[in-house]
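Have a look at the structure below before the remarks.
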Amino acid sequence: MMPPGIQNDRPVTSTYQRIYAVISRIPEGCVATYGQVAFLAGIPHGARRVGYALSALQGKSSVPWHRVVNAQGRVSPRSGGSCADEVQRLRLESEGVGFGANGRIALDRYQWRP
DNA sequence: CCACTGACGAGTG
DNA sequence: GCACTCGCCAGTG
């Protein structure tokens, strides 16, 4: 496969693509935190990177971005005026993920454990 | 190359 | 429990 002389010592996948790859591994009915995804993507302190990467998706990709929530088990209110946070919640509930009375997800119950 | 930006996390008041 | 601040780091113009 790799012809000699060409060194792929650096992953062709850019940071964003790695993030997408990790998120796409999240099973249905589970959720992951930004920090968790970042860590699995190889960016221990890149929680912001994850959010920024997802903002670039905006539903244009097949990545289940709605399974990514913040460390408090809540969907992040993002800028732009879009109501994606609302859609996210509906999609999660549709997958069996229950929200608390305060609009919070029980991470101890639904958080993805690789 | 430089500056700004940003779906966060953790800590503080 | 909520509002604010600081820190992290790569992408975009």
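Every chain is numbered from 1 and lettered A, B, ... according to where its sequence line falls, protein lines coming before strand lines.
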(message) Nearest whole Å is fine: how far is B:dA7 P from A:I19 CD1?
(response)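 Atom CD1 in A:I19 sits about 14 Å away from atom P in B:dA7.
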Can you check whether [Y]'s main-chain N or O pairs, donor with acceptor, with [X]'s side chain at less than 3.5 Å?
X      : Y      : answer
A:Q36  : A:W112 : yes
A:N70  : A:Q72  : yes
A:Y110 : A:A32  : no
A:S61  : A:V63  : yes

(message) List the residues meeting salt bridge (charged side-chain N to carboxylate O under 4.0 Å, His left out) with A:R74, not counting sequence neighbours, and say none if there are none.
(response) none
(message) Using heavy-atom distances to pick each residue's nearest nucleotide on DNA chain C, tell me which of A:G46 and A:R74 is more 5'.
(response) A:R74
What does the list of N/O pairs under 3.5 Å between the protein and nucleotides 4-7 of chain C look like, with a distance for each?
| from | atom 1 | to | atom 2 | distance (Å) |
| --- | --- | --- | --- | --- |
| C:dG7 | O6 | A:R48 | NH1 | 3.3 |

(request) Using a strict 4.0 Å threshold on nitrogen-to-oxygen distance, state whether A:E95 and A:R91 make a salt bridge. (result) no
(request) Please examine the side chains of A:Q58 and A:W65, heavy atoms only from C-beta on, and report whether any two atoms are closer than 4.5 Å. (result)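 Not touching, per the 4.5 Å side-chain cut-off.
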Please write out each protein N/O paired with an N/O of nucleotides 11-13 of chain C under 3.5 Å, distance rounded to 0.1 Å.
| from | atom 1 | to | atom 2 | distance (Å) |
| --- | --- | --- | --- | --- |
| C:dG11 | OP1 | A:T15 | OG1 | 3.3 |

(request) Return no unless some side-chain N or O of A:S76 is found under 4.0 Å from OP1 or OP2 of B:dC8. (result) yes
(request) For the pair A:L57 and A:Y16, evaluate side-chain contact (heavy atoms from CB on, under 4.5 Å) and give the outcome as yes or no after the intermediate values. (result) CA-CA 10 Å; A:L57 284 170; A:Y16 279 30; over 6 Å; no
